[in-house]
**Student:** 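Provided herewith is a single structure, encoded as structure tokens, for subsequent inquiry.
Since this is a predicted model, take the numbers as computed values, not measurements. In what follows, every chain begins at residue 1, and chains take the letters A, B, ... in the order their sequences are listed.
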Amino acid sequence: MVFRLSTAVYIYKFRLLIIRCILIRVEAKVEALLLTLDVIAIILLSRGVKRVSVSNKPEDLGWFAYSERNINRNKK
Amino acid sequence: MRDLMFLVGFLALLPLAFSNAFVAYLIWGWSAVIAVDSYLFGFMQSLRVNMIFALVALIMIFLKRDTVRGSSLNQSGTFLLLLLFFIQATISVIFGYEGNPNNLELYEKLVKILLFVFVMPLVVVGRYRIHAMVVMICLGLGFHGLIDGLKFFASGGGHKVHGFIKFGDNNHFAVMLVLVIPLLLYLTRYASSKLVRLAALFAAFANIAAIIGTHSRGGLVTLIATSALLILGTKQRLTGLTLIACGVALMVALAPSSWTERMGTIQEADKDSSFMTRVEAWQVSSAIALSNPVTGGGLHSVQIQSVWERFKGSKGLLPFVDVGFVSDYRRAAHSIYFEVMGDMGLSGIIIFLALLINGMFNSRRLAMLVKGRESEFEWAIDLSRTLTAVMFAFMVGGLTVSVAYSEVIYTVIMLSEVLRREIANTIAQQPTQATKAV
């Protein structure tokens, strides 16, 4: 009980530091996740470009394909 | 873990690079802008990813491993100006002040950048490749702003962005982040996938947040000036300007007090010691240029203590400004114009300005090319305006930071030339096709 109480006191005392540590861990994970997504995106772009180079069809760019016209302007 | 992930990514990218010269070129460009080693902390950090892909790309281009090949642009003004800039840099490095370790280091960087730019016309042919180049810059440069923008959002505006090792301190970083915003906004209009459009829009907002997080006054001024330019190019000017005004008001209302206080000092530049130290650096840089008008002092010679001591107290081209002190310790040039002026002399700054102005005029030349066929080449007009906005942001942001040797601006200048050539070729081919059809 004593141990638990003191732990709780310590957690309360250092709550800001603990929250900051958790946030740093989360930030690092998010940074790693975004880096992974960026690498995946450049792989997908490269694959798309390779496909278009062979087929000469712009839609083969996949996710990174482009529109012939300004999409926002055409909506209006 | 990150290193393992990147190893897998690297192993996936390598065969792709060997399959096509343009793919290799694209990855070369991406790896230069993202500077992935700054995000890795393990065994992959020492791997020179950029050099590997640069070598692969050059080999593939040399062996002509591509389905199409463009002609070199050695007749164009952009090419000639870039060549002159390279020659001028070489002269400055050879004849600059001795004992300058920055000289060779920066020269090596500049040569790599110009090599990347010089081969661009050989591989960037066709709209899909021009579009891929825009996506590549957004993926590479926009990534940095996305990371810091998210941290800014997560901390409720408390996160202070200190800069990035590749670009420099918070002021340099802010200007570099502004450069990517017009390109991200272009993607929100021309990417056919809704997911990509939304991602680009979110990344643009995150980049704006990261610019605010840098607490850079120069970055904020550049952001506002670039937004105004982009809006003046649209038909909904009033709506756009109202949105900017609302955005600025919202920013001031929500930003932390330290940010508001910092931005409030923009009006007091003449009393601000931080600004006056920049003026002092401009005076010393221009004094170096006046003393060496043809050769300059060598790359970043103003940052060498012995050179600083020789010229400190000189007013150079700004004799009408009295900063009120003489610093004993060296400083960076704090302006792209004075940076190039001090480094390469008066001839260097003339070439540099001609390069930037020529790049800005590419948009006008393209508009004249497509006169009467605006709806057919809507994308090209929009992209050339976007590239002009990037150059404008660089010219405005560069007033107070030394980022003259950054790859993004040279890439954008050459891309505007490649775009113009692409449209000129398309127009030239069209009557021939019509004749064939008859």
Side-chain angles (χ1 to χ4, degrees), chain A residues 7-76, chain B residues 1-2 5-6 8-10 12-13 16-17 19-24 26-27 30-31 34 36 39-40 66-68 126-132 134-136 138-140 142-143 146-147 150-151 154-155 159 186-197 199 234-235 375-376 378-379 382:
Chain A
T7 309
V9 169
Y10 276 120
I11 288 172
Y12 181 74
K13 269 176 121 176
F14 296 108
R15 65 192 184 283
L16 289 176
L17 187 68
I18 292 164
I19 292 168
R20 183 76 197 126
C21 287
I22 293 167
L23 279 177
I24 288 170
R25 289 287 295 166
V26 172
E27 272 178 14
K29 297 263 183 218
V30 172
E31 200 174 282
L33 176 73
L34 287 172
L35 184 65
T36 311
L37 289 176
D38 208 71
V39 173
I40 291 170
I42 195 76
I43 291 171
L44 291 176
L45 178 67
S46 303
R47 279 169 60 90
V49 165
K50 190 184 155 190
R51 277 198 302 267
V52 182
S53 293
V54 177
S55 69
N56 220 10
K57 290 178 191 159
E59 59 271 21
D60 284 349
L61 267 174
W63 278 19
F64 295 103
Y66 54 82
S67 153
E68 285 300 321
R69 297 193 169 273
N70 182 339
I71 285 170
N72 299 339
R73 207 171 285 163
N74 290 343
K75 274 181 191 168
K76 287 162 192 169
Chain B
M1 195 63 190
R2 280 186 201 198
M5 176 283 296
F6 189 69
V8 174
F10 176 75
L13 285 169
L16 281 167
S19 68
N20 181 289
F22 178 63
V23 172
L26 208 58
I27 304 170
W30 172 80
S31 62
I34 197 165
V36 76
Y39 292 101
L40 302 175
D66 204 347
T67 47
V68 281
R127 187 184 168 188
Y128 80 94
R129 292 192 177 193
I130 293 171
H131 185 79
V134 174
V135 177
M136 177 275 285
C138 290
L139 285 175
F143 177 75
L146 181 65
I147 294 277
L150 284 175
K151 286 178 187 172
S155 63
H159 172 67
Y186 171 82
L187 281 187
T188 63
R189 300 194 298 270
Y190 284 95
S192 60
S193 158
K194 196 173 181 182
L195 189 70
V196 173
R197 288 202 301 275
T234 64
K235 284 176 185 164
S375 61
E376 190 183 340
E378 185 186 25
W379 71 272
D382 272 359

**Student:** Counting only non-hydrogen atoms closer than 4.5 Å, does A:L61 touch chain B with its backbone (N, CA, C, O), its side chain (CB onward), both, or neither?
**Tutor:**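 For A:L61, side-chain heavy atoms alone lie under 4.5 Å from chain B.
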**Student:** Please verify the inter-ring angle class for A:F14 with A:Y10; under 30° counts as parallel, over 60° as perpendicular, anything in between as tilted.
**Tutor:**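 Parallel.
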**Student:** Sequence neighbours left out, cut at 3.5 Å: what donor-acceptor pairs do the side chains of residues 46-54 of chain A make with other protein atoms?
**Tutor:**
{"from": "A:S46", "atom 1": "OG", "to": "A:I42", "atom 2": "O", "distance (Å)": "2.7"}
{"from": "A:R51", "atom 1": "NE", "to": "A:D60", "atom 2": "O", "distance (Å)": "3.1"}
{"from": "A:R51", "atom 1": "NH2", "to": "A:D60", "atom 2": "O", "distance (Å)": "3.1"}
{"from": "A:S53", "atom 1": "OG", "to": "A:V49", "atom 2": "O", "distance (Å)": "2.9"}
{"from": "A:S53", "atom 1": "OG", "to": "B:N20", "atom 2": "ND2", "distance (Å)": "3.4"}
{"from": "A:S53", "atom 1": "OG", "to": "B:Y128", "atom 2": "OH", "distance (Å)": "3.1"}
{"from": "A:S53", "atom 1": "OG", "to": "B:R129", "atom 2": "NH2", "distance (Å)": "3.2"}

**Student:** If I measure from the heavy atoms of chain A, does B:F22 come under 4.5 Å with its side chain, its backbone, both, or neither?
**Tutor:**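 The side chain, not the backbone.
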**Student:** Is A:E68 paired with B:R127 through a side-chain N to carboxylate O contact shorter than 4.0 Å?
**Tutor:** yes
**Student:** Which atoms of B:L16 are under 4.5 Å from chain A, going by heavy atoms: the side chain, the backbone, both sets, or neither?
**Tutor:** side chain
**Student:** Flag the one option from B:L40, B:L26, B:D382, B:L150 with the top tally of heavy-atom pairs under 4.5 Å to chain A.
**Tutor:**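 With the most close heavy-atom pairs to chain A, the winner is B:D382.
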**Student:** Given heavy-atom pairs under 4.5 angstrom as the criterion, report whether the side chain, backbone, both or neither of B:S155 touches chain A.
**Tutor:**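 Neither the backbone nor the side chain of B:S155 comes within 4.5 Å of chain A.
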**Student:** Counting heavy-atom pairs under 4.5 Å with chain A, which one of B:I34, B:V23, B:V196, B:L139 comes out on top?
**Tutor:**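 Highest number of heavy-atom pairs under 4.5 Å: B:L139.
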**Student:** Against chain A, work out which of B:A17, B:A132, B:S375 has the most heavy-atom pairs shorter than 4.5 Å and name it.
**Tutor:** B:S375
**Student:** Identify which part of B:V8 has an atom lying under 4.5 Å from any heavy atom of chain A, answering side chain, backbone, both or neither.
**Tutor:**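 Contact with chain A: none, neither part.
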**Student:** In Å and rounded to the nearest 0.5 Å, what is the CD to OH distance from A:E31 to B:Y39?
**Tutor:** 6.0 Å
**Student:** For each of B:V36, B:I27, B:V135, tally heavy-atom pairs with chain A at distances under 4.5 Å, and name the one with the top tally.
**Tutor:**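 Greatest number of close heavy-atom pairs with chain A: B:V135.
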**Student:** What part of B:F6 gets within 4.5 angstrom of chain A, counting heavy atoms only: side chain, backbone, both, or neither?
**Tutor:**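 Looking at B:F6, just its side chain touches chain A.
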**Student:** Just how far is it from atom CH2 of A:W63 to atom OG of B:S192, taken to the nearest 0.5 Å?
**Tutor:** 12.0 Å
**Student:** Between B:R197 (side chain) and B:A191 (backbone), is there a donor-acceptor pair under 3.5 Å?
**Tutor:** yes
**Student:** Among B:G142, B:A154, B:S19, single out the residue with the greatest number of heavy-atom pairs under 4.5 Å to chain A.
**Tutor:** B:S19
**Student:** What are the two closest heavy atoms between A:P58 and A:A65, and how far apart are they?
**Tutor:** O-CB, 4.1 Å
**Student:** Below 4.5 Å from any heavy atom of chain A, which atoms of B:L187 appear? Answer side chain, backbone, both or neither.
**Tutor:** neither
**Student:** Heavy-atom pairs under 4.5 Å with chain A are the metric here; pick the option from B:W30, B:F10, B:W379 that has the most.
**Tutor:**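 When all of B:W30, B:F10, B:W379 are compared, B:W30 has the most.
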**Student:** Go through the structure and list residues passing salt bridge (charged side-chain N to carboxylate O under 4.0 Å, His left out) with A:E59, not counting sequence neighbours.
**Tutor:**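 With sequence neighbours excluded, A:E59 shows a salt bridge (charged side-chain N to carboxylate O under 4.0 Å, His left out) to no residue whatsoever.
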**Student:** Tell me the closest heavy-atom pair linking B:A12 and A:I43, and the distance in Å.
**Tutor:** CB-CD1, 3.7 Å
